[in-house]
Every structure is written in C-alpha cells, then in structure tokens.
Amino acid sequence: MNSALQTLFDRGFIKACTNLEGLSDLMDKESIRMYVGVDATGKSLHIGHMVPFFALHHLQKAGHQPIALVGGGTTMIGDPSGKSEMRKMLSKEEILSNSESMKSQLQTVVDFSENPGEGKGRAMMLNNADWLTELNYIDFLREIGRHFSVNRMLSFEAYKQRLERGLSFIEFNYQLLQSYDFYILNKEHDCRLQVGGDDQWGNIVSGVELIRKMGGPECFGLTFNLITRADGHKMGKSEKGAVFLDPELYSPYDFYQYWRNVNDEDTIRFLKLFTFLSLEEIATYEKEGVNINDAKERLAYEQTKIIHGEEEADKARSAALAFFGSKADTVENREGMPSITIAMSELEAGIGVLELFARTDLASTNSEARRLVQGGGAWIGEQKVDDPRALIDSSFLDEHDELILRSGKKRYFRVIVER
RNA sequence: GGAGAGGUACCCAAGCGGCCAAAGGGGGCAGACUGUAAAUCUGUUGGUUAUCACCUUCGAAGGUUCGAAUCCUUCUCUCUCCA
C-alpha cells in the first residue's frame with residue numbers, strides 16, 4: 001500500500017475507492033494531482049466541509065498536488081445528493097463573493113504558496129465557473145450528455161430518495177457537470193483523482209467513467225467517511241448553528257469550546273481526522289488511565305490553532321482555563337472571550353439585567369433573557385441573578401473592574417467597562 | 001393544459017369558526033446528576049411587559065362574521081395522477 005494512502009486509512013478517512021490497487025500503484029510511481037470540490041453556497045465554510053481538505057493536507061505533505069475546486073459554476077445548479085429538498089438558488093454575485101472568502105479559509109489546511117517547501121506538492125485553486133459558464137448547451141449535450149444513461153443515473157441512491165419528493169431537471173444535471181469538471185481537470189491539469197465525502201460517490205464514479213469514455217487515462221475516485229457524532233447529531237452543528245470557520249460568525253473562543261466539548265467516544269477519532277498530530281502522539285491519549293479531558297483540550301487547542309492561528313488558540317485556551325481550570329483569572333487570560341464594551345457612566349446609572357444579557361450573545365431578546373433569569377441560569381460573576389427587575393450597577397464589578405456574565409454553567413461572556 | 005392533494009412556529013406534524021401564541025415529537029435553552037462529556041429526569045421554548053395586558057404569527061392579498069389558522073374569492077408555490 002502506498003504510504004500516503006496508508007496514512008489516510010490509519011487516520012480513519014477512507015470509505016471507498018474505485019480501484020485501490022491501481023491508485024496505490026500510481027501514487028507510488030509518481031506525484032499525482034487530485035481534487036476536491038466545494039460549493040460556494042455560504043459565506044463561510046463550516047467544519048464539516050473540511051474533512052476532505054484535511055485529507056488533502058496529508059497527501060500534499062506526501063508530495064502530491066491538491067487542487068481545490070471552488071464550485072462557482074456548479075453552485076448555480078445545486079447538488080441534490082444527500083438533500084431532501086431543492087436548494088434555493090443564489091445569485092451570481094453571491095456565489096462569486098462566497099467563493100472568494102472560501103479561498104482564504106482553505107489556506108489554513110492546504111498550502112497554496114508558490115513554493116510549499118521540501119517534499120510537498122504544489123497546490124492550486126480553481127473555479128469551475130471558468131469553464132462551466134461558457135458551455136454551449138447543444139455542444140455539451142452532444143459531447144458529454146450522450147455518455148450518460150438516465151436509467152443508470154436513476155438507480156443511484158442519491159436520486160432514488162429524491163424521486164420520492166421530486167427532483168427538478170436542473171438538479172438532475174448536477175452529476176453531468178461535476179463529471180465534466182473532472183474531465184476538464186484531467187485534460188487540462190492531468191488530474192487523476194477526485195476525493196470527496198461519501199455522499200459524492202455517485203458523482204465521482206460518473207466522472208471517472210466519463211473520462212474513460214472520452215478516451216482519457218484511468219482515473220480514480222476516493223471517498224471519505226461522513227463524519228458523524230457519537231450522539232447522532234450532525235457534525236459541525238451546534239446550538240448556535242453551524243460551526244463556521246469565519247471568526248465573525250463563530251468566535252475562536254466558541255470554536256475552541258465546541259471541540260472541548262465533543263463526546264468522549266469521538267475524541268480520538270477527531271484527533272486523527274482534524275489535527276496533524278502524529279498517530280504515535282495521539283496513541284498516548286488512548287492509554288489506560290489517561291484523562292480523556294486532556295485529550296479534548298489538546299484537540300480543541302490543535303484544531304483552533306490550525307483554523308484561527310496560534311495566537312487565537314492561546315487566547316481561547318487561556319480564557320477557558322481561567323474559568324474552568326486552574327489558570328489564574330487575569331485580564332490577559334480573558335482576552336479570547338467574546339465581549340462587549342459599555343460605558344462606565346451607563347453602568348453607574350444602572351442597567352436592567354434583562355437588557356444587559358440581551359446585549360450579549362447569551363440571550364437574543366429580553367424575553368429570552370427573562371426566561372434565563374427566572375429559570376435560575378443567569379449569573380454575574382459568582383452572584384446568581386434571579387430577579388428580572390434587578391438593576392446591575394458598578395457594585396457588581398469584579399476585581400478587574402469587569403463583569404463576567406454567565407448563562408448556566410459553561411457559557412461565559414465578558415463585559416468590559418470603559419471609563 | 002386537465003384532475004386531485006397540500007403550504008401551520010427553528011424542523012417534522014396536529015388543529016379545520018370562539019376554550020389557539022396554536023397538541024405531540026425533534027432540536028434549542030435552563031435545572032438535577034456529572035468530568036466544561038454522553039445518557040437520563042424536570043422545567044422552558046413568538047415579541048414587548050414586574051404583572052394584568054397588549055402586539056405580531058398559521059403561503060399572499062382581499063372578503064364573510066361579534067369573532068377566522070379554521071368559511072368564501074383571487075393569486076402564488078409544492079407534490080401526485082392524466083395529456
């Protein structure tokens with residue numbers, strides 16, 4: 001087995017391959033190009049999108065050359081795979097701006113620099129809008145469309161489900177376009193491998209077949225396990241919605257907390273998938289008698305460091321340890337926490353608890369804040385506030401002249417007072 | 001184009017003239033138990049309000065009625081069958 005592939009197996013990525021031996025042999029022989037596609041459906045990627053890119057990271061390190069394909073063109077269609085309903089269509093402008101912001105996020109895991117360093121393959125980023133938007137419908141049907149059997153497409157699991165609920169023609173075309181992408185990448189860039197989540201299996205196989213029918217070389221498809229959580233919740237979803245990589249949408253502190261709170265059963269698996277720690281090092285966390293919480297802290301730290309950088313990871317960890325751990329609760333350690341700033345004069349005049357909580361992320365409306373307060377889950381520092389009429393003034397300030405609001409036992413929010 | 005079935009809160013889904021801010025489930029939040037875990041149990045879950053109360057919501061717009069998520073009209077979208 002090719003060592004790069006073996007790494008992916010050992011880390012728990014791989015689900016299926018079109019021709020494992022063939023791929024392994026090819027990768028032993030030469031540095032290959034492979035690609036992953038992402039749709040530009042949102043402003044930010046979330047953590048669930050990242051699995052294939054983490055895999056690309058390992059392959060790049062082994063000398064292979066990743067292509068990240070932003071689906072500027074395919075996003076206009078919408079992939080029906082794994083979805084029960086048609087996706088709303090986005091404007092071209094939205095898609096363009098989305099794909100721009102995704103580029104920077106992918107750089108955290110795949111190295112797109114001109115000179116990635118010894119042994120690493122050179123990566124590139126492409127956008128399929130470049131070739132899809134100028135397609136001529138008749139030509140496309142004659143050259144590409146004729147290779148697709150509707151009978152066969154309908155037998156794919158991805159479409160079967162949608163046949164129950166309805167599937168529009170535009171979505172039915174998605175597979176052709178994704179296959180065409182692979183064909184173009186093979187022709188123009190000698191790309192031999194497409195990787196993706198297991199829900200992409202049908203689309204990937206179609207691409208491999210299309211290239212063969214068009215007279216190209218043998219190409220390969222490799223899919224990864226869809227990441228699930230032990231409790232059955234969807235990966236990358238949290239109480240606040242998707243765990244986005246954009247710090248504006250999901251703060252690095254909350255991001256850290258998300259990983260800090262994964263299930264026991266998921267911890268080792270996630271360390272393998274979502275960090276670059278060596279397997280030997282990860283194995284030390286599996287030993288008898290090791291506190292699982294140490295592993296979770298490591299997971300949270302490493303993952304935050306990869307996505308948001310070392311500085312943010314340090315801040316998030318310090319803040320977490322200041323409240324949950326033994327680390328001293330100093331102003332410096334609070335830096336990573338989500339916060340708002342209010343004027344001293346306002347605080348001296350007194351602010352209603354409800355309003356104060358509603359201004360933080362802990363509650364979005366006064367009513368929600370009221371429920372929290374009446375339910376006994378609202379705290380300021382170590383003081384529980386259970387009267388919705390309570391006025392918060394400067395007497396609540398802690399030794400650092402700040403307010404630390406808390407919802408329940410583990411959601412903290414920092415209020416900085418400006419003089 | 002014809003016939004039928006539908007669009008209910010974050011999601012699924014009941015309700016089919018007043019007792020409906022709307023059953024039930026899921027999800028979320030909080031409490032208990034813990035390990036900043038899971039599972040479990042309890043409470044809560046449109047907005048403004050200390051409370052009474054008021055405001056907005058059942059695809060959209062009009063109408064009937066003392067009163068409409070519920071009845072009527074038009075529009076719109078989805079699905080199924082037929083052409």
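To find a chain, count down the sequence lines: A is the first, B the second, and so on, and within it residues start at 1. Just so it is clear, the structure is predicted and the values come from calculations on it, not from any experiment.
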Any salt bridge linking A:Asp139 with A:Arg142? Criterion: basic side-chain nitrogen under 4.0 Å from a carboxylate oxygen. no
Partner nucleotide, any strand, of B:rA9 [Watson-Crick/G-U, under 3.5 Å]: none
Expressed in angstrom and rounded to an integer, what is the separation of A:Leu372 atom CG from B:rG28 atom C1'? 13 Å
Counting the atoms with a prime plus P, OP1 and OP2 as sugar-phosphate, which does A:Ala320 contact under 4.0 Å by heavy atoms, base, sugar-phosphate, or nothing? base
Looking at every strand, decide which applies to A:Ser407 at a 4.0 Å heavy-atom threshold: base, sugar-phosphate, or nothing. sugar-phosphate
Do any side-chain atoms of residues 271-283 of chain A form donor-acceptor pairs under 3.5 angstrom with protein atoms, and if so which ones, sequence neighbours left out?
from, atom 1, to, atom 2, distance (Å)
A:Thr275, OG1, A:Leu271, O, 2.6
A:Thr275, OG1, A:Leu277, N, 3.3
A:Ser278, OG, A:Glu281, N, 3.1
A:Glu281, OE2, A:Arg298, NH1, 2.9
A:Glu281, OE2, A:Arg298, NH2, 3.1

Rounded to the nearest Å, what distance is computed from the CH2 atom of residue A:Trp379 to the P atom of nucleotide B:rC29? 19 Å
Mind checking A:Asp266 for me? I need base, sugar-phosphate or nothing, with any heavy atom below 4.0 Å counting as a touch. nothing
Do A:Leu210 and A:Phe148 have side-chain heavy atoms sitting under 4.5 Å apart? yes
Measure the distance from CG on A:Leu354 to P on B:rU49 and round it to the nearest whole Å. 8 Å
Mind checking who B:rC79 pairs with, Watson-Crick or G-U wobble, both distances under 3.5 Å? B:rG4
Is it the case that the side chains of A:Gln194 and A:Gln178 hold a donor-acceptor pair, with the cut-off being a distance below 3.5 Å and no angle test? yes
Which one, B:rA37, B:rU48, B:rU36, comes nearest to the side chain of A:Thr365? B:rU48
Non-hydrogen atoms of A:His400 and A:Thr330 that approach each other most closely: NE2-CA, 3.8 Å
Distance in angstrom units between A:Arg370 CZ and B:rU45 C1', rounded: 14 Å
Applying the Watson-Crick and G-U wobble criteria at under 3.5 Å, what pairs with B:rG17? Answer none if nothing qualifies. none
Between A:Ser179 and A:Ile144, is any pair of side-chain heavy atoms under 4.5 Å apart? no
Just how far, in rounded Å, is P of B:rA37 from CZ of A:Arg411? 14 Å
Is there side-chain contact between A:Glu382 and A:Arg406, with at least one heavy-atom pair below 4.5 Å? yes
Assign each of A:Val262 and A:Arg389 to its nearest nucleotide of RNA chain B by heavy atoms, then name whichever residue's nucleotide is nearer the 5' end. A:Val262
Considering every strand shown, what is the Watson-Crick or G-U wobble mate of B:rA37 when both distances are under 3.5 Å? none
Measure the shortest side-chain to side-chain distance between A:Phe13 and A:Val195 over non-hydrogen atoms and say whether it is less than 4.5 angstrom. no
I need the CZ-C1' distance between A:Phe357 and B:rC29, as an integer number of Å. 13 Å
Describe the nucleic acid contact of A:Asn261 in one word from base, sugar-phosphate, nothing, applying a heavy-atom distance below 4.0 Å. base
May I ask you to verify if any side-chain N or O of A:Asn293 is less than 4.0 angstrom from the OP1 or OP2 atom of B:rA37? no
Distance check, P atoms only: B:rU70 and B:rG63, in whole angstrom units. 15 Å
Distance between P atoms of B:rA53 and B:rG6 (Å, rounded): 37 Å
Rounded to whole Å, the CG-P distance (A:Asp386 to B:rC29) equals 21 Å
Using the C1' atom as the point on both nucleotides, what is the distance between B:rA39 and B:rU45, in whole Å? 22 Å
Watson-Crick or G-U wobble partner of B:rU44, both distances under 3.5 Å: B:rG28
Does any part of the side chain of A:Phe323, heavy atoms only, come nearer than 4.5 Å to the side chain of A:Ile404, both counted from C-beta? yes
Separation of the P atoms in B:rU34 and B:rA50, to the nearest angstrom: 37 Å
Write down the distance separating the P atoms in B:rG59 and B:rA13, rounded off to the nearest Å. 14 Å
What are the atom names and distances for every N/O pair under 3.5 Å that joins the protein to nucleotides 8-11 of chain B?
none

Nearest-Å distance once atom P is located in both B:rU64 and B:rC72: 15 Å
Let me spell it out: for each of A:Gln374 and A:Lys296, pick the nucleotide of RNA chain B with the closest heavy atom. Which residue's pick is nearer the 5' end? A:Lys296
B:rG35 base to A:Asp264 side chain: any donor-acceptor pair below 3.5 Å? yes
Using a 4.0 Å heavy-atom cut-off across all strands, classify A:Arg371 as base, sugar-phosphate, or nothing. sugar-phosphate
Complementary nucleotide of B:rC52, counting Watson-Crick and G-U pairs under 3.5 Å: none
Sort out the partner of B:rU73 for me: Watson-Crick or G-U wobble, both distances under 3.5 Å, none otherwise. B:rA61
I want to check something: taking the side chain as every heavy atom from C-beta on, are A:Leu222 and A:Leu5 in contact at a cut-off of under 4.5 Å? yes
Determine the Euclidean distance between corresponding C1' atoms of B:rG4 and B:rA83; express it in Å to zero decimal places. 15 Å
If I take atom CZ in residue A:Arg260 and atom P in nucleotide B:rA37, what distance separates them, rounded to the nearest angstrom? 8 Å
Taking 4.0 Å as the cut-off, does a side-chain nitrogen or oxygen of A:Lys409 come that near to OP1 or OP2 on B:rA32? yes
Taking atom C1' in both B:rA37 and B:rU48, compute the distance separating them and give it to the nearest angstrom. 38 Å
